[in-house]
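What follows is a set of notes on a single structure, which appears directly below.
By convention in this document, chain letters (A, B, ...) are assigned in the order of the sequence lines, proteins followed by strands, and residues within each chain are numbered from 1. All values below were derived from every heavy atom in this structure, side-chain atoms included, with hydrogens, water molecules and symmetry-related copies excluded.
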Amino acid sequence: MSQNENKEVKESKNFIQEIIEADIASGKHEGRVHMRFPPEPNGYLHIGHAKAIWINFETAKQYGGKTNLRFDDTNPVKEDVEYVNSIKKDINWLGYQWEGEALYTSNYFPQLYAYAEDLINKGLAYVDSSTPEEMAEMKGTPTKPGKASPFRDRKPEENLELFHKMKAGDFPDGAMVLRAKIDMTAPNMLMRDPVIYRIKHAHHHNTGDEWCIYPMYDFAHGQSDSIENITHSCCSLEFMHHRPLYDWFVEKLGIFPSKQYEFARMNVAYMITSKRRLLKLVEEGLVSGWDDPRMSTLSGMRRRGYLPQSIRRFCAQTGVQKRDNLQEMELLESIIRDDLNQVATRAMVVMDPLKLVITNYPEGQVENLPSKNNPQDDSAGEHMMTFSREIWIERGDFMIDPPKKYFRLAPDKHVRLKGAYIIQAEKYLQDEAGNITEVHCKYFPESKSGSDNSGIKVKGTMHWVDSTSGIPLELRLYDRLFVDPTPTGHEDKDFLEFFNKESLVINNEAIAEAHLKEVGETEPLQFMRKGYFIKDADSTPDKLVFNRTVTMRDSWAKMQKK
RNA sequence: UGACCCAUAGUGUAAUGGUAACACUACGGUUUUUGGUACCGUCAUUCUAGGUUCGAGUCCUAGUGGGUCAACCA
């Protein structure tokens with residue numbers, strides 16, 4: 001746990017913690033807490049999953065409990081081991097380790113099959129040979145009760161025989177299903193004799209071709225929780241209507257009574273988490289892949305340079321409750337900046353270079369100057385930078401005719417070069433078009449950083465890069481993927497209409513201090529006054545590539561807008 | 001014309017019948033060799049109407065608003 005996480009431990013409890021504490025107080029399950037995170041291995045984990053992971057793992061940890069990882073793999077046509085592996089990797093990256101080996105619902109297929117036989121024998125399940133259309137028709141609507149299937153009163157012996165034949169592969173896909181016999185008039189549609197087993201002649205990533213019938217979610221989830229002796233099964237609100245069914249199976253089967261609790265999903269402004277829509281971004285080439293740094297996937301955020309502890313802190317601060325919510329990006333970015341500020345190695349990178357000549361600095365002379373790696377942390381040490389007669393500064397840091405309160409360089413103005421000397425602008429050169437091509441300055445040798453006795457006071461300090469050792473860089477400047485906080489919330493418009501065409505800007509002009517040649521793949525960096533960056537895996541020895549994680553907070557830019 | 005869930009600053013989360021708090025944002029200021037960081041200040045009578053109570057954001061009733069449910073998906 002990071003320092004930042006510790007300092008924000010909340011004393012108040014969310015409703016899940018209250019339930020658990022009440023259970024512990026009443027001696028339920030001997031005070032045992034066992035939770036689980038149950039993804040279907042059919043896609044990549046995203047920020048919404050991060051919240052579910054956080055809730056399950058952190059809550060269990062808080063009460064000395066355990067958390068299982070269980071792949072809810074009951075639909076072979078959608079699932080793949082590729083996803084199993086990426087999910088494991090992402091959970092570990094987030095900082096969590098599940099109890100024991102990863103588990104699979106598919107490993108419980110024999111037990112689930114036996115549960116189904118039990119239900120049939122009890123007269124609580126029947127094989128329905130109706131077509132899907134007929135079944136939908138008979139199901140009714142939320143305001144109109146359903147009607148009984150003509151197959152509803154088949155005898156247990158006949159049901160059992162048909163069910164065995166289903167398993168044996170005697171029937172094609174869709175020929176019939178096994179349904180729980182509950183109540184076709186229930187106001188809760190899920191209680192109107194839900195399908196619990198269907199025929200699918202498909203290859204399963206874990207069980208191969210062993211099965212051709214597969215349990216539905218509702219007939220697998222609660223029972224799997226029960227098999228694993230899960231005490232508190234926490235899922236998102238969309239499963240609320242499934243709880244009566246969950247409890248019904250537990251009761252009728254007489255198995256360990258796991259309990260389901262539902263929390264509200266976390267939504268984040270300007271982000272989407274719909275698998276279908278994320279896929280569309282990938283397929284249409286609007287992003288480079290599932291791990292594009294703009295994606296809401298954990299792999300994307302990892303590549304963006306987000307720290308796992310920042311995502312954990314974000315989950316902690318956004319709370320656990322049952323109301324719909326839309327979290328602001330500003331909170332996420334604030335947390336990311338806060339964490340990065342503690343650990344990022346400082347470096348100087350000029351993104352839009354303008355040549356600056358120090359006219360009174362000896363030609364051919366090069367000196368080495370130390371630069372602190374992190375002013376927040378002296379133990380981070382320092383690295384050396386070269387300084388010479390010609391350096392690069394940011395084009396935006398010089399103005400011929402500056403506005404009030406402009407603390408940067410302008411004719412006759414003084415400014416400090418970070419970690420080096422105070423300079424004063426003397427003149428500037430322009431091309432035919434009027435563009436500034438060069439600024440000429442004088443420097444004050446007695447103002448050297450750390451031993452300044454020049455007596456000169458300056459308002460502004462600028463970053464710079466020495467021309468004798470600076471290296472070129474590719475910078476990938478990322479911004480939010482959409483221009484609207486809820487791109488999927490407009491009935492009349494497709495979410496792609498809100499795609500932010502400036503969500504990626506590539507900069508190939510940047511020049512960086514040579515120290516960047518030595519930084520590692522996962523070392524967080526702060527390009528001073530410009531933002532937090534992380535080296536991208538696309539880097540080659542000839543061409544270093546950096547992704548911008550987030551900009552610095554910029555009160556000057558904000559002031560100028562007004 | 002059903003059932004279930006939800007409602008506190010712009011956003012999010014607290015307050016467990018007893019002074020509405022914290023974070024982010026916004027705005028104003030102090031410090032600063034990053035216009036960063038740090039620090040200080042400002043911003044709400046809790047959806048509405050009744051009721052219970054000495055006392056209600058909290059409990060009850062009704063209304064209003066939002067969400068969810070009719071896959072052989074999870």
Side-chain angles (χ1 to χ4, degrees), chain A residues 8 10-14 18 38-40 42 72-75 77-79 128 131-132 135-136 139-146 173-179 186-192 194-200 213-214 216-218 220-221 235 237-244 262 264 266 269 275 316-335 337-338 341-342 346 348 372 375-376 405-408 415-420 422 447 449-450 452 458-463 485 526-531 551-560:
Chain A
E8 278 157 42
K10 288 198 299 184
E11 282 142 44
S12 57
K13 297 172 187 70
N14 63 52
E18 285 180 359
E40 181 184 19
N42 69 343
D72 211 351
D73 52 354
T74 58
N75 188 357
V77 301
K78 290 190 169 182
E79 298 149 7
D128 195 332
T131 65
M135 279 182 54
K139 197 144 202 168
T141 71
T143 53
K144 257 179 271 167
D173 288 7
M176 57 191 70
V177 293
L178 185 68
R179 299 178 74 175
N188 180 347
M189 298 293 289
L190 284 160
M191 300 299 275
R192 321 244 265 227
V195 172
I196 58 177
Y197 258 97
R198 78 284 215 189
I199 302 169
K200 264 185 202 287
I213 58 171
Y214 292 92
M216 296 288 288
Y217 165 85
D218 284 303
H221 204 96
C235 58
L237 240 32
E238 54 194 301
F239 292 98
M240 193 166 44
H241 301 284
H242 295 251
R243 181 163 18 98
E262 310 89 14
M266 178 176 73
K275 196 170 302 171
Q317 292 202 13
T318 51
V320 181
Q321 78 313 109
K322 293 174 98 107
R323 43 194 120 99
D324 291 336
N325 61 90
L326 181 66
Q327 306 292 341
E328 291 181 334
M329 263 274 247
E330 285 82 355
L331 175 62
L332 213 209
E333 293 185 339
S334 160
I335 290 170
R337 287 191 184 105
D338 190 31
N341 181 46
Q342 317 284 335
R346 269 59 170 178
M348 295 208 272
K372 280 193 172 182
Q376 311 289 319
K405 290 194 174 176
Y406 183 83
F407 301 149
R408 283 111 100 144
V415 81
R416 172 172 290 281
L417 294 173
K418 174 78 182 170
I422 291 173
S447 68
S449 186
D452 182 0
V458 295
K459 283 280 219 175
T461 301
M462 298 170 12
H463 63 285
Q526 185 198 91
F527 293 174
M528 279 191 277
R529 303 208 296 145
K530 285 295 165 186
T551 61
M552 304 298 281
R553 191 173 270 122
D554 191 348
S555 54
W556 169 244
K558 199 183 287 176
M559 197 158 93
Q560 282 190 303

- Query: Would you write out the dot-bracket form of RNA chain B, 5' to 3', with Watson-Crick and G-U pairs under 3.5 Å, [ ] for crossing pairs, | for pairs to other strands and . for unpaired bases?
  - Reply: .((((((..((((....[..)))).(((((.......)))))....(((((..]....))))))))))).....
Base, sugar-phosphate, or nothing: which does [X] touch, judged by heavy atoms less than 4.0 Å apart?
X	answer
A:Gly450	base
A:Thr141	base
A:Gln327	sugar-phosphate
A:Val195	sugar-phosphate
A:Gly419	base
A:Leu332	nothing
A:Phe239	base
A:Met462	nothing
A:Ser555	sugar-phosphate
A:Asn188	nothing
A:Asp554	sugar-phosphate
A:Glu333	nothing
A:Phe527	nothing

[atom1] gap between [N] and [M], integer Å:
N	M	atom1	result
B:rG28	B:rU19	P	34 Å
B:rU52	B:rA62	C1'	15 Å
B:rU25	B:rG63	P	41 Å
B:rU61	B:rA7	P	15 Å
B:rU42	B:rC24	P	15 Å
B:rG66	B:rU30	C1'	44 Å
B:rC59	B:rU46	P	15 Å
B:rC73	B:rA15	P	41 Å

Checking contacts here: which listed nucleotide ([options]) is nearest the side-chain heavy atoms of [X]?
X	options	answer
A:Pro375	B:rU34, B:rC72, B:rG35	B:rU34
A:Met552	B:rG36, B:rG35, B:rU33	B:rG36
A:Pro142	B:rA70, B:rA74, B:rG10	B:rA70
A:Ser12	B:rA15, B:rU16, B:rU1	B:rA15
A:His241	B:rA3, B:rG36, B:rG2	B:rA3
A:Lys418	B:rU16, B:rU1, B:rU34	B:rU34
A:Gln376	B:rA38, B:rG36, B:rA70	B:rG36
A:Asn75	B:rC69, B:rC73, B:rU34	B:rC73
A:Lys139	B:rA70, B:rU25, B:rA74	B:rA70

- Message: Please report the distance, rounded to the nearest Å, between CZ in A:Arg179 and P in B:rA71.
- Response: 11 Å
Would you say [X] reaches [N]'s phosphate, i.e. side-chain N/O to OP1/OP2 under 4.0 Å?
X	N	answer
A:Lys200	B:rC73	yes
A:Arg198	B:rC73	yes
A:Thr461	B:rG35	no
A:Lys558	B:rA26	yes

- Item | With sequence neighbours excluded, residues passing side chain to side chain donor-acceptor pair (under 3.5 Å) with A:Arg192 | none
Counting distance alone, no hydrogens or angles: does the base of [N] have a donor or acceptor under 3.5 Å from a partner atom on the side chain of [X]?
X	N	result
A:Glu330	B:rU11	no
A:Arg529	B:rU34	no
A:Gln526	B:rG36	no
A:Ser449	B:rU33	yes
A:Arg408	B:rG35	yes
A:Arg337	B:rU37	no

Heavy-atom side-chain contact between [X] and [Y] under 4.5 Å:
X	Y	result
A:Arg179	A:Met135	yes
A:Glu40	A:Thr74	no
A:Asp173	A:Arg198	no
A:Met559	A:Lys405	yes
A:Ile422	A:Asp452	yes
A:Lys200	A:Ile213	no

- For A:Trp556 and B:rG35, are the ring centres under 5.5 Å apart with planes inclined under 30°? yes
So which protein N/O to nucleotides 5-7 of chain B N/O distances come out below 3.5 Å?
none

- Query: Between A:Asp72 and A:Asn325, which has a closest nucleotide on RNA chain B that is more 5'?
  - Reply: A:Asn325
- Message: Pick the closest RNA chain B nucleotide for A:Pro39 and for A:Gln321 by heavy atoms, then say which residue is nearer the 5' end.
- Response: A:Gln321
- Task: Give, for atom NE2 of A:His242 and atom CD of A:Glu262, the distance between the pair rounded to the nearest 0.5 Å.
- Result: 10.0 Å
- Query: How long is the gap from CD1 on A:Ile196 to CG on A:Asp218, to the nearest 0.5 Å?
  - Reply: 10.0 Å
- Taking only residues two or more places apart in sequence or in another chain, which ones pass salt bridge (Lys or Arg N to Asp or Glu O under 4.0 Å) with A:Lys372? A:Asp378
- Message: Please enumerate all residues that pass salt bridge (Lys or Arg N to Asp or Glu O under 4.0 Å) together with A:Arg346, with sequence neighbours excluded.
- Response: none
- Message: Using the ring-ring contact (aromatic ring centres under 6.0 Å, His included) criterion, which residues pair with A:His221? Sequence neighbours excluded.
- Response: A:Tyr217
- Task: Would you indicate whether A:Lys275, at its atom NZ, is surrounded by more than 12 heavy atoms from other residues, nucleotides or ligands within a distance under 6.0 Å?
- Result: yes
- Item | Derivation and outcome, side chain to side chain contact (heavy atoms under 4.5 Å, CB included), residues A:Thr461 and A:Val415 | CA-CA 6 Å; A:Thr461 301; A:Val415 81; over 6 Å; no
